[in-house]
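The structure appears below as structure tokens.
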Protein chains: 2
Amino acid sequence: MATRVTINDVARVAEVSVSTVSKVVNGRYGVAPATIARVHQVINELGYETSLVASSMRNSRTNIIGILVAEFEPFALELLNGISATLRGTKYDLMAYAGNLTPEGHIGWERRSLSRLGGTLIDGAIIVTPTVEIPHSPVPVVAIDPQAGTDMPIIVDVDNSGGAQKATEHLLGLGHQRIGHIRGREDLKSAHLREAGYRQALENAGIPHDEQLIEQGDYQHDAAVEAARRLLDLPQPPSAIFAANDISALAALGVAAERGLAVPEDLSIIGFDDIPAAAQSTPALSTVRQPLHEMGSHAVRLLLSLLDGEEATAPQQLPAVLVPRDTTAPPRAN
Amino acid sequence: MATRVTINDVARVAEVSVSTVSKVVNGRYGVAPATIARVHQVINELGYETSLVASSMRNSRTNIIGILVAEFEPFALELLNGISATLRGTKYDLMAYAGNLTPEGHIGWERRSLSRLGGTLIDGAIIVTPTVEIPHSPVPVVAIDPQAGTDMPIIVDVDNSGGAQKATEHLLGLGHQRIGHIRGREDLKSAHLREAGYRQALENAGIPHDEQLIEQGDYQHDAAVEAARRLLDLPQPPSAIFAANDISALAALGVAAERGLAVPEDLSIIGFDDIPAAAQSTPALSTVRQPLHEMGSHAVRLLLSLLDGEEATAPQQLPAVLVPRDTTAPPRAN
DNA sequence: ATGAAAGCGCTAACAT
DNA sequence: ATGTTAGCGCTTTCAT
């Protein structure tokens with residue numbers, strides 16, 4: 001754990017000025033070949049590398065893209081995978097920063113992280129699932145799957161309403177006519193869009209609207225359990241349920257079990273997200289998947305074009321992918 | 001994309017000196033309550049945040065842990081998951097840096113990244129799968145799964161020999177007596193350890209050593225295909241093969257198919273690593289898994305104790321987990 | 001209680 | 001070809 005080798009150490013040992021070392025390191029003109037050789041030799045001997053931090057204070061460009069996440073959970077990690085793959089071969093390095101691990105300050109973490117890194121350390125940022133608007137950023141920013149309003153300029157997310165529509169049409173296609181919906185969190189854009197997709201599918205199928213079939217699940221297990229119970233307690237219970245996320249769908253699966261309902265024979269259930277647990281449940285949960293890899297890839301391409309000085313593009317919606325598994329089947333003939 | 005708000009902006013608007021602002025931000029004593037209030041107000045108005053970069057040049061501590069990876073691939077991402085979870089609730093933020101994405105300089109990326117970030121930006125580092133020794137680091141370092149020698153002081157990795165032994169004993173337990181081995185890359189420590197575990201298991205079972213049953217597969221598909229062919233061409237071919245990694249095992253699976261051998265009836269195959277493709281193959285590959293989540297968690301705990309000034313600990317070996325799937329079964333009765 | 005000044009490691013404009 | 005200097009944003013003595 002030796003102390004850091006700085007440009008000063010190199011200059012001293014090579015018996016030149018620091019600016020000469022800097023010129024050599026950055027390949028600037030106006031240094032004698034002999035000097036270049038000697039400096040390089042000292043650099044190797046000492047194992048010197050320029051400090052990213054110090055040089056980023058002088059240079060505007062660092063060739064580093066920052067990925068700002070609240071936390072490294074599976075959703076963010078899968079995005080990171082696509083981002084990393086897309087960045088390979090470009091001149092950019094990748095720095096992922098989780099600035100929300102400390103107990104304090106959880107809301108608005110993205111604004112904080114962006115201010116702390118932007119303008120100096122990173123040339124541009126991709127923010128994963130931001131919770132608040134970013135009014136003015138020091139660097140170009142692309143948001144992935146923003147939770148709140150749509151005021152962020154550049155956005156990549158899944159086609160929530162289209163995905164919900166696919167899920168509902170899947171049930172419709174199996175022959176279901178009475179389809180319930182467990183709604184997501186009121187304050188999140190995605191919840192509204194998913195509900196809209198559900199309504200759209202029913203409308204397209206010419207099925208009259210029944211407000212009783214929509215219950216609030218808040219994207220959370222407990223609330224979804226209650227919602228599912230109310231749905232199944234209906235005088236005319238639904239033969240299928242589209243839940244706004246997999247957590248809720250899994251909750252509904254539990255309620256079906258507690259009622260002695262066979263899934264999918266007595267009740268079909270489909271979720272949204274395709275979280276890992278979805279594939280593990282018994283029976284395996286039918287759902288709709290966000291193409292995370294491609295979303296990350298898309299975000300990178302958008303950011304790179306922004307960094308090349310191109311104009312802001314319209315929001316990018318990537319299609320959701322239907323993943324039919326074992327919780328959806330035709331309704332029991334009656 | 002407004003320009004960055006600096007401490008100077010705050011000072012100017014609040015009509016105080018920058019040092020006063022700094023004191024307020026860092027909660028130092030000796031500032032009038034009225035001044036504190038005014039400065040805070042301006043900070044909020046302007047949306048100021050201290051620059052990580054600038055402050056890290058003055059402070060020795062940043063409360064940021066750096067994870068240095070060559071690339072964000074599944075192995076590193078899974079580790080990141082464990083690392084992030086373990087760091088939650090501590091005072092540390094997490095910064096993951098992939099410094100190998102640029103085409104040039106791929107070997108020794110870890111030394112480069114460490115020099116560039118260490119000493120200023122990060123308080124300590126966890127390096128994933130380093131390829132070279134780190135002679136002197138500016139900050140405490142823990143290595144996960146180093147590829148080369150064992151000269152790195154603090155290491156976390158899977159128990160390679162133990163895992164190989166488990167795999168071999170699994171085959172032994174099924175009744176196999178003649179077990180081949182496709183060896184990994186000569187220059188990697190893990191390959192030697194896995195071979196050693198294989199030999200140990202056979203020795204423990206009192207099975208005489210047959211050098212013909214070990215072939216070089218280099219951890220690579222093509223070489224492993226050749227190795228598997230040679231094994232199966234033997235006058236007395238093995239009834240089971242332990243491959244040093246899943247790539248090689250999958251290659252062997254292909255060779256079995258090309259020979260018309262049924263797996264696992266005619267030939268049992270087991271790999272090592274549990275890469276995603278392992279679960280996808282037909283039949284699904286039996287293998288041995290590295291507990292990546294726990295390895296990440298362990299590395300964090302080691303690093304934190306190092307940062308608390310504790311002494312270097314001995315290398316940590318985490319047990320590998322046997323994952324029996326469908327490519328291993330008792331040998332055909334003969 | 002406040003501010004002026006030095007310095008962290010580095011780069012670039014400007015001498016020499 | 002080389003060195004001197006200023007300054008990036010910040011924290012920390014050290015005056016005042």
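Labels below follow one simple rule: chain letters A, B, ... track the order of the sequence lines, proteins then strands, and each chain is numbered from 1. Only heavy atoms go into these numbers, but all of them, side chains included; no hydrogens, no water, no symmetry mates.
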Rounded interatomic separation in angstrom, taking CG from N59(A) and P from dG7(D): 17 Å

Please work out if T120(B) contacts a base, only the sugar-phosphate, or nothing of the nucleic acid, heavy-atom cut-off 4.0 Å. nothing

Between the base of dG3(D) and the side chain of S19(A), is there any donor-acceptor pair under 3.5 Å? yes

To the nearest 0.5 Å, what is the distance between CZ on R116(A) and CG on L52(B)? 4.5 Å

Between T20(B) and dG3(C), does any side-chain N or O lie under 4.0 Å from OP1 or OP2? yes

In this structure, how many angstroms lie between the C1' atom of dC10(D) and the CG atom of L52(B), rounded? 12 Å

Position toward the 5' end of DNA chain D (nearest nucleotide), K23(B) or Y48(B): Y48(B)

R28(A) vs dT11(C): side-chain N/O to OP1/OP2 distance below 4.0 Å: no

NA contact type, T50(A), heavy-atom cut-off 4.0 Å: base, sugar-phosphate, or nothing? sugar-phosphate

Could you give the OH-to-C1' distance, from Y29(A) to dT11(C), as a whole number of Å? 18 Å

Side-chain donor-acceptor pair under 3.5 Å between D157(A) and Q317(A), yes or no? yes

By the 4.0 Å heavy-atom rule, please label V25(A) as base, sugar-phosphate, or nothing. nothing

Ignoring hydrogens and angles, does a donor from either the side chain of R4(A) or the base of dG9(C) sit under 3.5 Å from an acceptor on the other? no

Between CG of L94(B) and OG of S84(B), what distance do you get to the nearest 0.5 Å? 6.0 Å

Could you tell me the separation between the CZ atom of R12(B) and the P atom of dT2(C), rounded to a whole number of Å? 19 Å

How long is the straight-line distance from CG of L68(B) back to CG of L117(B), given to the nearest 0.5 Å? 5.5 Å

Report yes if at least one side-chain N or O of S17(B) is closer than 4.0 Å to OP1 or OP2 of dG3(C); otherwise report no. yes

Euclidean distance, atom CG of residue D9(B) to atom P of dC10(D) [Å, nearest integer]: 9 Å

Side-chain atoms of A54(A) come closest, of dC10(D), dC10(C), dT11(C), to dC10(C)

Has S51(A) got a side-chain N or O lying under 4.0 Å from the OP1 or OP2 atom of dG9(C)? no

Note: for I36(B) and R58(B) on DNA chain C, the residue whose nearest nucleotide lies more 5' is I36(B)

Looking only at side-chain N and O atoms, does N160(B) offer a donor or acceptor that is under 3.5 Å from a partner on S190(B)? no

At less than 3.5 Å, do the side-chain atoms of T35(A) and the base atoms of dT2(D) form a donor-acceptor pair? no

Using whole Å, report how far CD of E15(B) lies from P of dG3(C). 10 Å

Under the criterion salt bridge (Lys or Arg N to Asp or Glu O under 4.0 Å), I'd like the reasoning laid out for D9(B) against R4(B): C-alpha separation, chi angles, the key distance, then a yes or no. CA-CA 9 Å; D9(B) 302 322; R4(B) 198 173 187 293; over 6 Å; no

For V53(A), answer base if it contacts any base atom (sugar-phosphate contacts may also be present), sugar-phosphate if it contacts only those atoms, and nothing otherwise; contact means non-hydrogen atoms under 4.0 Å. nothing

Take the protein atom CG of N8(A) and the nucleotide atom C1' of dT11(C), then report the distance between them rounded to whole Å. 13 Å

Starting from P on dC10(D), measure out to CD1 on I7(B) and report it in whole angstrom. 5 Å

